[in-house]
There are 2 protein chains.
Amino acid sequence: MASIRDVAEQCGVSTATVSRALAGKQHVREEVRKQVLEAAQRLDYRPNRAARNLRSNQSSNIGLVVSDIQNPFFTSICRAVEDAALKAGFAVFLCNTDEDPEKEALYLRHLADENVAGVIIAPTGRRTRDFQMLNGLAMPLVVIDRPIGKELADTVVIDNAEAAFDLTEHLISHGRRRIACVFGANSSTGQERRKGFQLALQKNGLTERRELVHSVPPREEEGYRAVCQMLALPDAPDAVLTSNGLLALGAYRALMESGKKCPEEVSFATFDEAAWTSLVKPSVTVLEQPTYEIGATAAGLLLMRIEDPKRSIRHVELKHKLLIRHSCGCA
Amino acid sequence: MASIRDVAEQCGVSTATVSRALAGKQHVREEVRKQVLEAAQRLDYRPNRAARNLRSNQSSNIGLVVSDIQNPFFTSICRAVEDAALKAGFAVFLCNTDEDPEKEALYLRHLADENVAGVIIAPTGRRTRDFQMLNGLAMPLVVIDRPIGKELADTVVIDNAEAAFDLTEHLISHGRRRIACVFGANSSTGQERRKGFQLALQKNGLTERRELVHSVPPREEEGYRAVCQMLALPDAPDAVLTSNGLLALGAYRALMESGKKCPEEVSFATFDEAAWTSLVKPSVTVLEQPTYEIGATAAGLLLMRIEDPKRSIRHVELKHKLLIRHSCGCA
DNA sequence: CGGATTCATGCAAACGATTACAGTGTATCC
DNA sequence: GGATACACTGTAATCGTTTGCATGAATCCG
């Protein structure tokens with residue numbers, strides 16, 4: 001591999017000049033710059049990243065920490081972040097925490113060790129302590145999906161309470177009164193959505209039933225199990241609502257297998273758009289989050305913060321969208 | 001951040017000794033080693049990766065290059081690779097090529113620049129030229145899914161021709177004779193599956209109909225369009241087969257919208273298991289690839305090659321599985 | 001015209017680890 | 001008892017950049 005010395009020798013200048021020329025800095029004669037550029041091209045010179053990183057403490061990588069790479073919600077965000085990063089000349093470290101705070105801490109350390117330029121993270125837990133650690137790392141940071149530590153970092157979120165409120169009210173507007181819910185446990189989003197749900201009940205004069213509200217880890221089986229259980233209740237629910245795409249899969253499956261007519265006997269609605277929701281019968285009414293936009297916005301914020309670490313902290317709240325289909329009883 | 005010098009000073013030894021102690025090398029008194037370990041712990045010393053990388057030309061990162069991070073097939077592989085890498089103390093650079101050879105080349109360069117320990121790649125094109133470039137980079141390499149350059153790198157694949165053969169024969173066994181196919185274009189897998197399909201036809205005395213075989217970019221819309229077109233043919237097909245999960249989504253949608261009865265009038269079967277295939281009615285008969293295993297195997301091979309770059313090249317072929325459900329006409 | 005400023009460049013010191021080599025001390029062998 | 005081997009440790013070179021400082025030349029201004 002050609003090094004900066006090779007280029008320098010080839011041009012009869014010092015490495016300092018080459019470095020300056022390549023970095024587009026001032027104080028390099030135009031003629032010399034051209035020569036350097038040519039030589040670099042000719043020798044297929046590629047700067048040694050490790051050396052650069054060592055010397056100047058900055059890399060052109062960013063970290064993306066999510067809790068489940070197989071969840072289309074995150075995949076879409078990931079896609080957006082990647083697109084934006086690539087355009088800005090960054091590459092992305094993808095880290096999968098599996099909702100495990102230990103794994104999360106491990107990865108954050110690794111990212112810090114790698115000297116990444118910044119990190120976009122959907123934090124696993126509510127453990128603000130760990131988060132402080134993260135903040136102690138003092139690298140540019142954007143928090144998505146689960147707004148922890150608002151004082152400390154840029155965030156991109158949706159109004160989860162409002163979204164859940166809208167979704168719930170939609171079901172209520174169809175005359176549903178005994179709504180079974182499955183929320184994701186361990187994440188602030190789950191909590192907030194639950195609050196929005198409760199608010200909608202309240203506003204419509206309904207009371208929450210404990211046996212109809214579950215908080216479980218966000219996995220298909222858990223959604224399945226919870227819904228099976230609730231559908232078997234003596235005073236069975238007339239609607240099912242889930243707070244994320246993975247739970248929705250299980251819930252829908254449970255609903256189908258129960259033999260109950262949907263939407264006639266039991267309505268269904270969920271957070272998170274996915275490929276299958278419009279494919280099944282009845283098609284599923286969905287509260288869609290602007291996933292790609294979340295990722296793109298987060299990447300944008302991060303790049304700007306990398307540019308200027310002192311800029312004031314921003315919080316972006318994006319709008320959700322209700323995709324009305326057939327599982328709720330709409331024509 | 002504490003550096004190796006801080007640890008050395010704290011212990012009253014040289015940096016060389018610290019380095020040796022931490023690396024677990026010989027010729028360090030047990031007592032000293034213990035002291036060093038303690039001091040490192042106390043100071044929360046974390047080796048500077050850039051420095052290490054610069055000096056010794058090895059990083060503890062590996063690259064994973066896939067063509068579509070939103071395709072569950074790759075997501076599952078990604079997951080497996082991540083799991084395995086983490087266990088071995090590596091982190092993963094995820095790169096999304098979007099089936100674009102330019103982007104692929106770009107990323108490979110970046111990975112090489114980053115001095116990654118190795119790369120797992122599902123190559124986009126058939127362009128062996130680019131591939132040679134890649135090989136010229138001379139880093140440990142494992143090719144998955146699309147076996148290009150068998151002489152040059154470890155590979156993990158399934159027998160695509162056989163898989164397609166099996167899937168096709170299954171349809172034929174249900175009396176299907178005019179099978180419409182949509183294959184992924186630009187990938188060797190698509191080609192091979194097509195061959196397997198043709199072989200199955202041949203063996204059963206059927207002739208291929210040009211108008212019933214499409215090769216299109218692997219995207220939902222493309223699958224949709226192709227199947228719409230074929231279903232509208234005067235001599236309409238009595239079965240539809242798609243060669244990957246994204247095409248399947250579009251194809252199934254087209255099939256549903258066409259109003260034709262499935263499986264009575266038109267059977268359906270596809271490659272790639274996904275969450276929705278068992279959820280829809282009729283549920284979809286699928287040729288399942290062992291995705292997680294592919295990723296895990298690839299990661300294993302890569303780690304071993306990193307360990308010993310000279311070991312002989314291996315090719316692993318994993319077994320596919322036919323998941324018989326209802327869209328093909330089985331009870 | 002001379003001092004001040006600006007420009008173009010080179011020299012050499014970092015950055016923080018690893019490691020070849022050399023040096024010291026202790027044990028072993030004949 | 002001297003030679004030899006081996007274990008432990010330190011010194012300093014090295015990886016390939018970036019960048020502060022020094023230098024000399026050109027330009028400017030009063």
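Numbered from 1 within each chain, the chains take letters A, B, ... in sequence-line order.
- Side-chain proximity of R29(A) to the nucleotides dG16(D), dT9(C), dA17(C) is greatest for dT9(C).
- Within 6.0 Å of CZ on R5(B) lie no more than 12 heavy atoms contributed by other residues, nucleotides or ligands.
- Not a single donor-acceptor pair under 3.5 Å links the side chain of S59(A) to the backbone N or O of N53(A).
- As rounded to whole Å, 16 Å separates atom P of dA14(C) from atom CG of N57(A).
- Across the protein-nucleic acid pair, D6(B) atom CG and dG16(C) atom P stand 9 Å apart, rounded to whole Å.
- Rounded to whole Å, the distance from CD on E9(A) to C1' on dG10(C) is 15 Å.
- Out of dG10(C), dA12(D), dT17(D), the shortest distance to the side chain of T15(B) is found at dA12(D).
- Within the 3.5 Å criterion, the main-chain N or O of E102(B) finds a donor-acceptor partner in the side chain of D100(B).
- Within a heavy-atom distance below 4.0 Å of DNA chain C, the residues of residues 16-25 of chain A found are A16(A), T17(A), R20(A).
- Nucleotide dA13(C) holds its C1' atom 8 Å from the CZ atom of R55(A), rounded to whole Å.
- For the pair D83(B) (side chain) and A80(B) (backbone), a donor-acceptor distance under 3.5 Å is absent.
- Judged by distance alone, the side chain of R146(A) and the main-chain N or O of P123(A) form a donor-acceptor pair under 3.5 Å.
- When the P atom of dC15(D) is taken as reference, atom CG of N48(B) falls 18 Å away, rounded to whole Å.
- Heavy-atom nearest nucleotides on DNA chain C were determined for Y45(B) and for H27(A), and the one closer to the 5' end corresponds to H27(A).
- Put simply, CD on Q26(A) is 14 Å from C1' on dT9(C), counting in whole angstrom units.
- Between the side chain of T97(B) and the main chain of V66(B), a donor-acceptor pair closer than 3.5 Å is present.
- For the pair E30(A) CD and dA8(C) P, the computed distance is 9 Å after rounding to whole Å.
- In this model, the phosphate group of dT18(D) is approached by a side-chain N or O of R52(A) to a distance below 4.0 Å at OP1 or OP2.
- Summarising the local packing, CD of E307(A) is surrounded by 12 or fewer heavy atoms from other residues, nucleotides or ligands at distances under 6.0 Å.
- Here the C1' atom of nucleotide dG16(D) and the CZ atom of R49(A) are 14 Å apart, to the nearest Å.
- For the helix from dC1(C)-dG30(D) to dC30(C)-dG1(D), the end axes, each set by the C1' atoms of five terminal pairs, are bent relative to each other by 40° (nearest 10°).
- For the pair S3(B) and dA17(C), the criterion of a side-chain N or O lying under 4.0 Å from OP1 or OP2 is met.
- Applying side chain to side chain contact (heavy atoms under 4.5 Å, CB included) to V81(A) and the options L64(A), L94(A), L86(A) leaves one that passes, L64(A).
- Contact between Y45(B) and I4(B) at its shortest, heavy atoms only, is CE1-N, 3.4 Å.
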